[in-house]
Amino acid sequence: MNRRASPPAALDGWFAARGWQPFAFQRRVWAAAARGHSGLLHATTGAGKTYAVWFAALGRALQQRAAGTDDSRGLRVLWLTPMRALAADTQRALEAPLSELMPGWRVGLRTGDTPSSERARQAKSPPAALVTTPESLSLMLSQADAARRLQHVDMVIVDEWHELMGNKRGVQTQLALARLRHWQPRLVVWGLSATLGNLPRARQVLLGDADAQGVLVQGRLPKRVVVDTLVPPNPSRFPWGGHLGIEMLQPVIDEIDRHSTTLVFTNTRSQAEIWYQKLLDARPDWAGVLALHHGSLDPALRGWVEEGLKSGRLKAVVSTSSLDLGVDFLPVERVLQIGSPKGVARLLQRAGRSGHAPGRVSRLTLVPTHSLELLEAAAAIRAVAARRIESRRAPDKPLDVLVQHLVTVALGGGFRASDLLAEVRRTDAYRTLTDVEWQWALDFVARGGQSLVVYPEYRRVLPDDDGMYRVPDAAIGRRHRMGIGTIVSDAAMQVRFVNGTRLGSIEESFIARLRRGDHFLFGGRRLEFVRSHEMTAFVRPATGRRGAVPRWQGGQMPLSSELAHAALERLQQAARDRFPGPEMRALRPLLELQARWSALPAADVLVAETMRSREGQHLFLYPFAGRLVHVGLAALLAYRVGARQPASFSIAVNDYGFELLSATPVDWSALLATPEAAQRLLTTDALLEDVLAGLNATELSRRRFREIARVAGLVFQGYPGQARSARQLQASSSLFFDVFQRHDAGNLLLGQAEREVLEQELELGRLRETLTALTQRRLAFFELRRATPFGFPLMVERLREALSTEALTDRVARLLRELERAAAP
DNA sequence: GACCTGCTGCGGCCTG
């Protein structure tokens, strides 16, 4: 290695002065960056990644200073983080070593929270390094003087790259990096990642066509993670279905009692609200040291909770994914996960919130909410031990993001078409962008496409006489900057006390059902609804014990393939009479009952159960492919059977399987029992056509289009503080959808909406794999008189959607009585 | 009385 390529000795000296020894992986990063290499650094949280890349940046600056090539006083290093809460902490961490190593360097902070005075200061005298977000970087790219301010950036660090690479924020990041590389061809880029399965791919997505020079550095030994399960005290009385898990209240209280600080993760916001209330009802002495945290609570409230966690003042916090990332909460000793962990990466991420420092052990305890979650727990423990971490897929040339970027660059000094095309194609996301697609995007920002030519507000970007594309109108520029970003939130109503204090936000549909004086639970408080006015619901504190809990329409994350496979392996073991570990031992009676009445699903067995009831003819199948695939699969079967004989079906799904119920008899044994017949029903031929026909695909695309229309800048969200209602936004994006369908069928955004539905909402690739795998499994076919332990939760699921709560309780109680009689020896 | 599955993340205008 030549001498110029080694990092300066000053870095070692800084460590030595503290009695520290740099880790080998930190040295590797320093050396690679000193040679001008980009790369990806992968290590678990709390392992020293920050210093690895930050000292690499300082090392390069020291090198340049020593070589006399350091002639710039502008912005040199950009540090991107996906979260504002992380940005301020990062700034502090980066500033710490500066006074000794880099006197004169300043680390700035630029997010949406940054006051305009600070922004102005940064414009006048730029800090050497800036901590910011992908969105704020895009905003900087949209400033007319972007080139002057950003052309000296020679190193970019992208923190938590695993959080960005799989979504459109990651694509926006790729485009921004390409822009910076246009000004600084030798730009050095380093990504940091933690829980991720496909590392080489992650590096490739980050670096684009510069990846050939890329380095992959893996951190020290994998962190020790201990995962165990709170096994219900009486497993045979544990519910077969349901997701709340309140039966486990007392064991959870005992766990919290035994540890200093505990994070209690739930899967949904309403579940977090309910658990918080139940814990407080059971332990009133925890008032003040028990807190609640989720994405619909006001930022001020959340900040207070985060501070309490950092200082160790809080005993426990009930939260959703809102605490997955971000700030390091050193005092957290224990993490509980109520309900399905869904994936290995997600579980490791949550486990990592405890023992957050080098050398400490992360501990997570799974709390099942129904019997089969004991199986998931057993599967998760094995998958974690084997570190079978899910891969993340990066979006493939989303044109809405490209359209937004074109306007951004046109504002930020303008572009020449052929230059920008070449630049965009250097990103991984757009490496296969065709000339036709490019021309379409360019035409779309220039004229609004075919159908919008008459509307001047959609002539956003025009070439001048020299062929430079620019934004001709200041108002269009202003509107564009207000819409930069790819996150489209569901419009919600603000909730405030009548004195003005903000509490958070709730979906319109829930508030609409409330009448003056009604009580509800939100933010861990009992509230009385007073009135609503302009997208704000005013409330006052209420007394009394009862109250509805709001529900939010959130995402529906399926069980990951990794976890599903691990579950099938566990079942296979059980079929050979092996029940290792407390989870499988507790589950044994239930699995034996399943085996007695029907059979255990396994990786090489497809269990099909039919049953006749007063409701009609039931079919239960258990492919273990996650709920999204089961939706597609159920719709596919219903469509294919319905094409041969008159029958209509109602469908229920969960992560393990699905149920098809028809009022009229269907001879499932004839349709499935021979391999030839099953092959006909489960063929992947005409899969796309049949799935689209079986589901209301147009309606799904229309909903998806709301997001695309927003990102592409078709729909204006309104000025801050005067949000438009969800209905208005849906209506206007829906209008565009209709107009394009009717008058502009070649609009590529329509095709994108359909592609996103198929890939993200139906997991078409996984569906195809599942179908192929199913036809290779041996079919175990049973005609039953009653639902099995695997079938029962599906019946409850279907009833839940069809019936009111009270009627559901009655029905479930009746089903349970029947089952208990049947299960009695 | 309702709830008892359905997450997370960012950003911005005008007030001279």
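FYI, side chains are in, hydrogens and waters are out, and symmetry mates aren't considered; it's all heavy atoms of this structure. The sequence lines fix the lettering, A, B, ..., with proteins before strands; numbering per chain opens at 1. Owing to the predicted nature of the structure, the values given are computational and were not obtained by experimental measurement.
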Which nucleotide in [options] has an atom nearest any side-chain atom of [X]:
{"X": "A:Ile274", "options": "B:dC4, B:dC10, B:dT8", "answer": "B:dC4"}
{"X": "A:Asn167", "options": "B:dG9, B:dG11, B:dG1", "answer": "B:dG9"}
{"X": "A:Ser270", "options": "B:dG12, B:dT5, B:dG9", "answer": "B:dT5"}
{"X": "A:Trp552", "options": "B:dC3, B:dC10, B:dC7", "answer": "B:dC7"}
{"X": "A:Met482", "options": "B:dG12, B:dT8, B:dG11", "answer": "B:dG12"}
{"X": "A:Ser321", "options": "B:dC10, B:dT8, B:dT5", "answer": "B:dT8"}
{"X": "A:Arg302", "options": "B:dG9, B:dT5, B:dG1", "answer": "B:dG9"}
{"X": "A:Ile487", "options": "B:dG9, B:dA2, B:dT5", "answer": "B:dG9"}
{"X": "A:Arg169", "options": "B:dA2, B:dG11, B:dG9", "answer": "B:dG9"}

Taking OP1 and OP2 of [N], is either one under 4.0 Å from a side-chain nitrogen or oxygen of [X]?
{"X": "A:Arg513", "N": "B:dG1", "value": "no"}
{"X": "A:Arg119", "N": "B:dG12", "value": "yes"}
{"X": "A:Ser340", "N": "B:dT5", "value": "no"}
{"X": "A:Arg269", "N": "B:dT5", "value": "no"}
{"X": "A:Arg551", "N": "B:dT5", "value": "no"}

Sticking with atom [atom1], work out how far [N] lies from [M], rounded to a whole angstrom.
{"N": "B:dT8", "M": "B:dC4", "atom1": "C1'", "value": "23 Å"}
{"N": "B:dC7", "M": "B:dC3", "atom1": "P", "value": "16 Å"}
{"N": "B:dG9", "M": "B:dT5", "atom1": "P", "value": "24 Å"}

Would you mind classifying the nucleic acid contact of [X] as base, sugar-phosphate or nothing, using non-hydrogen atoms under 4.0 angstrom?
{"X": "A:His519", "answer": "base"}
{"X": "A:Gln553", "answer": "sugar-phosphate"}
{"X": "A:Ile246", "answer": "nothing"}
{"X": "A:Lys278", "answer": "nothing"}
{"X": "A:Thr111", "answer": "sugar-phosphate"}
{"X": "A:Arg346", "answer": "nothing"}
{"X": "A:Gly112", "answer": "sugar-phosphate"}

Does the pair [X]/[Y] count as a salt bridge with the N-to-O cut at 4.0 Å?
{"X": "A:Lys342", "Y": "A:Glu376", "value": "no"}
{"X": "A:Glu118", "Y": "A:Arg121", "value": "yes"}
{"X": "A:Asp518", "Y": "A:Arg526", "value": "no"}

Round to a whole Å and report the spacing from [atom1] of [X] to [atom2] of [N].
{"X": "A:Gln172", "N": "B:dC10", "atom1": "CD", "atom2": "P", "result": "13 Å"}
{"X": "A:Gln404", "N": "B:dC10", "atom1": "CD", "atom2": "C1'", "result": "11 Å"}
{"X": "A:Glu707", "N": "B:dC7", "atom1": "CD", "atom2": "C1'", "result": "14 Å"}
{"X": "A:Met83", "N": "B:dG11", "atom1": "CE", "atom2": "P", "result": "11 Å"}

Please state whether the rings of A:Tyr656 and A:Phe790 are parallel, tilted or perpendicular, taking 30° and 60° as the class boundaries.
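The rings of A:Tyr656 and A:Phe790 stand perpendicular, inter-plane angle above 60°.
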Look at the rings of A:His630 and A:Phe658 and say which category their plane angle falls in: under 30° parallel, 30 to 60° tilted, over 60° perpendicular.
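Judged by the thresholds at 30° and 60°, the geometry between A:His630 and A:Phe658 is tilted.
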Just by distance, with hydrogens left out, do A:Asn167 and A:Arg393 show a side-chain donor and acceptor under 3.5 Å apart?
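No, A:Arg393 and A:Asn167 have no side-chain donor paired with an acceptor closer than 3.5 Å.
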Are A:Phe529 and A:Phe538 near enough that their ring centres are under 6.0 Å apart?
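No, the ring of A:Phe529 stays outside the 6.0 Å limit from the ring of A:Phe538, centre to centre.
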Table of protein N/O atoms under 3.5 Å from nucleotides 14-16 of chain B N/O atoms:
none

Taking N and O atoms by type only, does the side chain of A:Thr320 place a donor or acceptor under 3.5 Å from a partner on the base of B:dC7?
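When only heavy-atom distances are counted, A:Thr320 does not reach the base of B:dC7 through any donor-acceptor pair under 3.5 Å.
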Between B:dC10 and A:Ser489, counting only base atoms on the nucleotide and side-chain atoms on the residue, is there a donor-acceptor pair under 3.5 Å?
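Such a pair exists between side chain and base.
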Pairs in or reaching into residues 133-145 of chain A: which pass salt bridge (Lys or Arg N to Asp or Glu O under 4.0 Å), with residues at least two apart or in two chains?
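Of all non-adjacent pairs touching residues 133-145 of chain A, those that pass salt bridge (Lys or Arg N to Asp or Glu O under 4.0 Å) are A:Glu135-A:Arg169, A:Asp145-A:Arg148.
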Pick the closest DNA chain B nucleotide for A:Gly554 and for A:Thr133 by heavy atoms, then say which residue is nearer the 5' end.
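The residue closer to the strand's 5' end, by nearest nucleotide, is A:Gly554.
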With DNA chain B as reference, determine whether A:Val488 or A:Ala548 sits nearer its 5' end, using the nearest nucleotide of each.
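Whichever sits nearer the 5' end wins; that is A:Ala548.
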